[in-house]
Amino acid sequence: MRTQDKKWLRRFGKLLFVLYILFLFWFLLFSDWYGRNSAGMREYHYNLELFREIRRFWIYREQLGFLTFANLAGNVLIFIPFGFFMPMASRYWNRSFFLTVFYSFGLSFFVEVFQLLTKVGSFDVDDLLLNTIGGLFGYILFMICNGIRRRYVKKTQRRRKRT
């Protein structure tokens with residue numbers, strides 16, 4: 001792949017990453033669709049027991065219906081783009097598995113603390129876990145796509161050398 005193509009791809013990745021981060025903060029902190037209201041909560045809400053809310057959603061899944069899936073899967077899905085765009089927008093040395101997981105956890109922790117302090121949501125350790133798993137899945141997806149891209153580039157280069 002030409003150097004100019006690599007630069008364009010990295011810039012495109014950075015742009016997508018910034019747009020995703022803006023969307024993520026709006027959605028998690030201010031979106032009415034996510035259950036926010038302008039009045040806000042009057043009390044602090046938090047869960048510090050791992051698997052408590054996950055277990056509660058599983059036990060009451062029949063009564064809650066789609067809400068169970070939306071909450072559990074949504075917390076994973078919302079962070080998959082972060083895990084994908086983070087290494088895409090980063091330099092080669094900054095594309096590690098551990099850094100992506102660490103940054104996914106860090107961003108999720110920041111969002112949860114912000115929600116707690118501003119009372120626009122609740123601090124939930126289960127959300128930290130699910131968001132971090134989402135970042136991990138995004139990283140795995142990036143590595144698969146990057147491997148496919150590299151194979152395609154190698155095949156294209158071999159074809160050019162033959163002609």
Side-chain angles (χ1 to χ4, degrees), residues 1-38 40-41 46 53-54 66-161 163:
M1 183 176 267
R2 295 183 324 207
T3 305
Q4 189 164 351
D5 291 340
K6 287 181 183 178
K7 286 182 182 179
W8 181 87
L9 189 60
R10 185 171 316 281
R11 286 183 187 141
F12 182 66
K14 287 179 182 181
L15 174 66
L16 288 176
F17 187 63
V18 168
L19 291 173
Y20 164 75
I21 293 295
L22 293 172
F23 166 78
L24 182 70
F25 276 101
W26 172 82
F27 182 76
L28 292 176
L29 302 175
F30 306 111
S31 171
D32 289 336
W33 187 86
Y34 195 59
R36 311 285 178 246
N37 57 29
S38 57
M41 294 188 291
Y46 56 90
E53 288 298 309
I54 294 172
F66 182 72
L67 180 63
T68 300
F69 174 77
N71 184 43
L72 298 178
N75 275 308
V76 173
L77 292 174
I78 195 76
F79 267 72
I80 288 176
F82 181 82
F84 185 87
F85 292 133
M86 175 74 188
M88 183 180 183
S90 301
R91 300 240 180 250
Y92 181 75
W93 61 268
N94 203 17
R95 290 184 179 177
S96 80
F97 166 83
F98 293 109
L99 277 177
T100 303
V101 170
F102 177 75
Y103 289 141
S104 296
F105 177 82
L107 179 61
S108 179
F109 184 76
F110 173 78
V111 167
E112 294 296 321
V113 169
F114 185 84
Q115 287 178 340
L116 178 68
L117 295 177
T118 59
K119 299 179 186 177
V120 296
S122 62
F123 183 94
D124 189 351
V125 293
D126 292 342
D127 288 352
L128 286 172
L129 175 67
L130 294 170
N131 294 158
T132 304
I133 289 170
L136 170 64
F137 286 168
Y139 178 81
I140 292 169
L141 182 63
F142 170 79
M143 294 307 288
I144 290 169
C145 292
N146 196 35
I148 292 169
R149 181 192 60 84
R150 286 177 182 236
R151 276 194 216 131
Y152 174 76
V153 167
K154 284 183 181 180
K155 284 182 182 180
T156 306
Q157 288 173 348
R158 282 188 215 143
R159 286 181 192 153
R160 287 182 185 164
K161 286 181 181 179
T163 58

Inset, instruction - Measure the shortest side-chain to side-chain distance between Tyr103 and Val101 over non-hydrogen atoms and say whether it is less than 4.5 angstrom. - result: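 Result no, sub-4.5 Å side-chain heavy-atom pair not found.
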Inset, instruction - With the side chain counted from C-beta on, respond yes when Phe97 and Ile140 share a heavy-atom pair under 4.5 Å apart, and no when they do not. - result: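 Of all side-chain heavy-atom pairs linking Ile140 with Phe97, none is under 4.5 Å.
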Legend entry - Whether over 12 other heavy atoms sit under 6.0 Å from Tyr20 OH: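 Check passes, neighbour count above 12.
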Rounded to the nearest 0.5 Å, what separation is found between the [atom1] atom of [X] and the [atom2] atom of [Y]?
X      : Y      : atom1 : atom2 : answer
Asp127 : Ile78  : CG    : CD1   : 11.5 Å
Phe79  : Leu130 : CZ    : CG    : 11.0 Å
Ile133 : Leu77  : CD1   : CG    : 12.0 Å
Ser104 : Asn131 : OG    : CG    : 8.5 Å
Phe17  : Phe84  : CZ    : CZ    : 12.5 Å

Legend entry - Smallest separation among heavy atoms of Asp126 and Asp124, with atom names: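 Heavy atoms only, the tightest pair is N-OD1, 2.9 Å.
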Legend entry - Shortest non-hydrogen contact from Tyr152 toward Thr156: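 Closest heavy-atom pair between Tyr152 and Thr156: O-OG1, 2.8 Å.
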Partner set under side chain to side chain contact (heavy atoms under 4.5 Å, CB included) for [X], not counting sequence neighbours:
X      : result
Lys154 : Arg158
Val18  : Leu22
Leu16  : Phe12, Phe85
Phe114 : Leu29, Phe30, Thr118

Legend entry - Partners passing salt bridge (Lys or Arg N to Asp or Glu O under 4.0 Å) against Glu53 (at least two apart in sequence or in another chain):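 Checked Glu53 against salt bridge (Lys or Arg N to Asp or Glu O under 4.0 Å); matches are Arg56.
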Legend entry - Verdict with supporting geometry, Ile148 and Ile144, side-chain contact (heavy atoms from CB on, under 4.5 Å): CA-CA 6 Å; Ile148 292 169; Ile144 290 169; 4.0 Å; yes
Legend entry - All side-chain hydrogen bond (donor to acceptor under 3.5 Å, both in side chains) counterparts of Thr100, not counting sequence neighbours: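 Partners of Thr100 by the side-chain hydrogen bond (donor to acceptor under 3.5 Å, both in side chains) criterion come out as none, since no residue qualifies.
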